[in-house]
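Only one structure is covered here, and it is reproduced in the block below.
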4 protein chains.
Amino acid sequence: MKRARNDQAKGDRKQDILNCAEELIQESGLENLSIAQVAKKAGLAVGTIYLYFPKKEDIIAHLTIKSREILLRKFVESGASTADALEKVSLMLWAYLNFYKEHPFYHQLVSFYETNAGLEEPEELLVASRKITGYVIEVIQSGKAQGNIHPDIDESEFSFLLWASAVGVIQLIDVKSSIIQTQLHKGTDAFFSSFIDLIIRSLKK
Amino acid sequence: MKRARNDQAKGDRKQDILNCAEELIQESGLENLSIAQVAKKAGLAVGTIYLYFPKKEDIIAHLTIKSREILLRKFVESGASTADALEKVSLMLWAYLNFYKEHPFYHQLVSFYETNAGLEEPEELLVASRKITGYVIEVIQSGKAQGNIHPDIDESEFSFLLWASAVGVIQLIDVKSSIIQTQLHKGTDAFFSSFIDLIIRSLKK
Amino acid sequence: MKRARNDQAKGDRKQDILNCAEELIQESGLENLSIAQVAKKAGLAVGTIYLYFPKKEDIIAHLTIKSREILLRKFVESGASTADALEKVSLMLWAYLNFYKEHPFYHQLVSFYETNAGLEEPEELLVASRKITGYVIEVIQSGKAQGNIHPDIDESEFSFLLWASAVGVIQLIDVKSSIIQTQLHKGTDAFFSSFIDLIIRSLKK
Amino acid sequence: MKRARNDQAKGDRKQDILNCAEELIQESGLENLSIAQVAKKAGLAVGTIYLYFPKKEDIIAHLTIKSREILLRKFVESGASTADALEKVSLMLWAYLNFYKEHPFYHQLVSFYETNAGLEEPEELLVASRKITGYVIEVIQSGKAQGNIHPDIDESEFSFLLWASAVGVIQLIDVKSSIIQTQLHKGTDAFFSSFIDLIIRSLKK
DNA sequence: TATGAATGAGCGTTCATTCAT
DNA sequence: CATGAATGAACGCTCATTCAT
C-alpha cells in the first residue's frame with residue numbers, strides 16, 4: 001500500500017496526495033474518504049497532508065476541478081466529428097451519460113458541488129466550471145449562426161439550464177434506474193435519449 | 001426528568017419529535033441531524049425517541065413523505081385555476097419554485113431521496129412519490145386530449161424527465177444563485193421562467 | 001407472533017413467559033435475550049414480566065432449572081437399559097453429549113451457571129443440581145456394591161469431578177471442534193469417546 | 001489534556017493501557033470492561049486507546065496471550081524439579097490450581113476463549129495455546145518412553161482432554177467452592193487433589 | 001394485577017484537526 | 001518541511017428497570 005516516496009522524483013507531493021485520495025474515493029466512495037487513509041496510502045504522515053491541504057475539503061475541491069476538466073475534454077471530443085451544432089449538443093449529452101457510466105466516481109465529484117449548498121467554490125473551481133459553460137455557449141452560438149438553433153435563445157442562460165437539467169436527469173438515473181426500468185419498461189439509454197430529444201426540440205428553430 | 005414541552009402537544013409525542021427534528025434540520029441541515037439533539041430539543045431521553053422511530057432514517061422518511069405531500073398539494077392547487085394543460089404544467093413548475101423558496105427545508109428533504117443513491121425507499125415513500133408523478137401524468141394526458149400537447153409524448157416518461165430536470169434546476173438555483181445573478185444579470189425567477197419556457201416548448205404540438 | 005392471552009386458560013402466566021423466553025433464546029442465544037422481546041412474544045406489557053420475574057436473571061434461573069431437569073431425565077433414561085454401573089456411567093456421558101447436540105440451547109443454560117462466578121444460585125436451582133449429583137452418586141454406589149468400581153472412590157466427590165470435567169470437555173467441543181478435527185484428525189464423537197475411556201479407567205477396580 | 005500517568009511508564013503507552021485494562025478487569029470482571037473506562041484510568045482520550053488497539057477485542061487478546069504465557073511458564077517451572085513424567089503431570093496440575101488462586105484474573109482470561117463459542121482466535125493466540133498443549137504432549141511422550149505412562153495413550157488427544165477437564169474443574173471450584181465445602185466437607189485443595197488422582201490413574205500403565 | 005411510556009447511562013467506534021518535536 | 005501521537009466530541013443505538021396510571 002505504501003508508496004516509495006521517491007516515485008515521482010520528490011516533485012509533486014501535492015499530486016501524489018491527490019492521486020491517492022482519488023484511488024480511495026474510487027474504492028470506497030467520497031463519503032468514506034478520511035485523511036488518515038490518504039496519509040497511509042501516500043506513505044506520509046497525517047500532518048503532512050495538512051501542510052498541502054489545510055482542509056479536507058480542499059482535496060475534494062481539487063479533485064472536482066480535475067473531474068470537470070475531464071468532462072470538458074469529453075464534451076469537446078464528442079463534438080469534433082460534426083459541424084452541426086444541434087448534433088453537437090446531442091453528442092455532448094451522450095458524452096455526459098458515458099462520463100457518468102465510465103467514471104461514476106468523477107461524476108460523484110462533479111455533482112457534489114452542484115448538490116451541496118453552502119459550499120464555497122474557490123476561484124479555481126469556478127474557472128473549471130466556466131470553461132464548461134463556455135464551451136456550451138460557443139456551440140449554441142454557432143448553431144444560431146448556422147440557423148438551426150432558434151435565435152431567441154440566450155446561450156448563456158441555456159448553458160446553465162442544460163447543465164442543471166442534465167445533472168438532475170443523471171441523478172435520477174443514478175438513484176432510480178430500477179424504477180425507470182420497472183415503470184417505463186425502458187433502459188437507461190432509451191430514457192436519456194428522450195431527455196436529449198426534449199432538449200433538442202426546445203432548441204430548434 | 002425534564003419534560004419541557006409537556007404542556008404543548010402532549011397528546012402527540014410523535015408529532016412533537018417530528019417538529020423538533022424539522023426545526024433542527026432547518027437550523028443546521030439534514031446532514032447534521034442527530035438523535036441526541038432531537039431528544040434534547042424535545043425534552044426527552046434518547047431512548048424515548050427510539051420508541052417512536054426505531055431508526056434515525058425513519059424520522060427523515062416521515063418528514064420526506066410530509067414534504068412530498070405538501071408539494072403534491074401545491075401542484076394540485078396550482079392547476080386549479082385553469083383547464084389548459086400547458087398552463088397547468090407552467091403553474092406547477094412555478095409552484096415548485098415557490099415551494100422551494102417558502103420551504104427550502106422541505107425541498108432539501110424532497111431532493112434528498114432523489115440525490116442519494118443506495119437509499120432504499122420504503123413503500124410509503126414510494127406511494128407519495130407515485131402520487132406526484134401520477135398527477136403530472138394526468139395533466140399531460142389531458143393536454144394530449146385537448147390537442148395542445150404533442151401526441152407523441154410518453155406521459156410517464158415525461159413526468160420523470162420533468163421531475164428530474166426541475167430538481168436539477170432548483171438545485172442549481174439553490175447552490176449557485178449568486179453566479180446566475182452575476183453571469184446572467186438575472187434573478188432566480190427570470191431564470192426559472194426560461195426553464196419553464198424550455199419545458200413548454202418541448203411539450204407543444 | 002403475539003399469543004392470545006387465553007391460550008392456557010389464564011392459568012400459567014409464569015409458564016407462558018418462560019416458554020416465550022425459551023423460544024427467544026433458542027432463536028437468538030442467551031446473550032441476546034431482552035425483556036422487551038419476551039414481553040412482545042408473550043403479548044404482555046414489559047411491566048407485567050417484572051411482576052412475575054423481578055430480575056431478568058430470574059427468568060434465566062428458571063430456565064436453567066428446567067434444563068437441569070431435562071438433563072437428569074436423560075441421565076436416568078440412558079442407564080435404564082443396563083444394570084452394570086460402569087456401563088451406566090458410560091451411557092450417561094454419551095447422554096450428556098447428545099443432550100448438548102440435540103439441545104445446544106439447554107446446554108448453554110446448564111453451563112451458564114457453571115461458568116459464571118458470582119451468580120447466586122437460588123435454592124430451587126440447587127435442588128435441581130443436587131438431583132443430578134444424587135443420581136450419579138447412586139450409580140457409583142451400586143457399582144461399588146457390584147464390585148466393578150473401585151471401593152476407595154468417594155462417590156460424592158467423584159460425581160462433582162465427573163460433572164466438572166464433562167462440562168469442560170463439552171465446552172472444548174463446543175468452542176474448538178474444528179481445532180480438534182484439524183489437530184487430532186478426529187470427530188467430536190471419537191474425542192468424547194476417549195474422554196469416557198479416561199473416566200471409566202479411573203473408576204475401575 | 002490530563003496526562004496523569006505521564007511520569008510512570010511514559011515510554012510504553014501500550015503497556016500502560018494493558019495494565020489499566022488488567023486492573024479494571026480485576027476490579028469488575030471481563031464482561032464489564034469498557035474502552036471509556038480504560039481511557040479514563042490511563043488518563044488518555046478514548047481515541048488514543050484506538051491508536052494502540054483498533055478493536056476492543058485486541059486488548060483482551062493481548063491480555064489472554066500474556067495469561068497463557070504466564071501459565072506455560074508455571075507449567076514448565078513446576079516440572080523442573082523432577083524427571084518423572086507422572087509427577088510432572090501432577091505438579092503441572094497443582095501449578096494450574098495455584099495459577100488460578102494467585103491470578104484469578106488471568107485465569108478468567110485463559111478460560112474466556114475456551115468458553116465462548118464463535119470467538120475467532122487470532123494466530124498469535126493460537127500460538128500461545130499450542131505452546132501449552134505442546135508442553136503437555138512432550139511430558140506425556142517422555143512418560144511413555146520412561147514406561148510409566150500407558151503406551152496406548154494418544155498424547156495429543158490426552159493433552160486436550162487434560163486441559164478441558166482441568167478448566168472444567170477449576171471453573172467448578174471458582175463458582176461452587178462453598179458447595180464443595182458444604183457437601184464434601186473438603187477444601188479446594190483436597191478436592192483438586194482427587195482430580196489429580198483421577199487423571200494420574202487414567203494415565204498409568 | 002396490569003400497563004407501556006419513559007428513562008439515561010452506557011456501549012464501541014470514528015475522524016478532522018492540532019501541535020510539540 | 002515533516003512527523004504522528006493525541007485529542008474528545010460526536011455518532012447511532014440498546015436495554016434493564018421504574019412508576020404513574
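All chains are named by letter (A, B, ...) in the order of the sequence lines, taking the proteins before the strands, and each is independently numbered beginning at 1.
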#### Entry: Protein-to-nucleotide contact annotation, 5' to 3' order, nucleotides 14-21 of chain E [B base; S sugar-phosphate only; - none; under 4.0 Å, heavy atom]
BBSBB---
### Query
Which one, F/dG4, F/dT7, E/dA6, comes nearest to the side chain of D/Ala45?
F/dT7
### Query
Just how far, in rounded Å, is P of E/dA2 from CG of C/Asp16?
12 Å
### Task
Kindly compute the distance separating OG1 (A/Thr64) from CD (A/Glu121), expressed to the nearest 0.5 Å.
8.0 Å
### Query
Charged N to carboxylate O under 4.0 angstrom, B/Lys55 versus B/Glu120?
no
### Task
Can you tell me the distance, in whole Å, between the CG atom of D/Leu51 and the P atom of E/dG12?
18 Å
### Task
Quick one: label A/Phe53 by what it contacts on the DNA or RNA (base, sugar-phosphate, nothing), any heavy atom closer than 4.0 Å.
nothing
### Query
Rounded to the Å, how far apart are D/Lys14 NZ and F/dA5 P?
11 Å
#### Entry: Atom C1', compared across F/dT21 and E/dT1: separation rounded to whole Å
13 Å
## Note on the structure
Rounded to whole Å, the CD1-P distance (D/Ile49 to E/dG12) equals 12 Å
### Task
Check A/Gln26, A/Glu69, A/Glu22 against A/Tyr106 for a side-chain hydrogen bond (donor to acceptor under 3.5 Å, both in side chains) and give me the one that passes.
A/Glu22
### Query
Looking at CG of D/Asp58 and CD1 of D/Ile17, how far apart are the two atoms once the value is rounded to the nearest 0.5 Å?
11.5 Å
### Message
Please report the interatomic distance NZ(A/Lys176) to CD(A/Gln171), rounded to the nearest 0.5 Å.
### Response
11.0 Å
#### Entry: C/Leu33 CG to C/Leu24 CG distance, which is reported to the nearest 0.5 Å
6.0 Å
### Message
From CG of A/Leu44 over to P of F/dG4, roughly how many Å is that when rounded to an integer?
### Response
10 Å
### Message
When the axes are fitted on five pairs at both termini, how much does the helix from E/dA2-F/dT21 to E/dT21-F/dA2 curve, in 10° steps?
### Response
30°
### Message
Whole angstroms only, please: what is the NZ-C1' distance between D/Lys40 and F/dG8?
### Response
15 Å
### Query
Within this structure, what is the CD1-to-C1' distance between B/Ile17 and E/dA5, rounded to whole angstrom?
11 Å
### Message
Can you see if the side chain of B/Arg13 gets near the phosphate of E/dA6 - specifically, an N or O under 4.0 Å from OP1 or OP2?
### Response
yes
### Query
More than 12 heavy atoms of other residues, nucleotides or ligands under 6.0 Å from CD of C/Glu124: is that the case?
no
### From CA spacing to verdict: side chain to side chain contact (heavy atoms under 4.5 Å, CB included), B/Lys41, B/Glu27
CA-CA 12 Å; B/Lys41 184 150 211 154; B/Glu27 287 163 21; 2.6 Å; yes
### Query
Which residue pairs pass the ring-ring contact (aromatic ring centres under 6.0 Å, His included) test when at least one of the two sits in residues 30-67 of chain A, sequence neighbours left out?
A/Phe53-A/His62
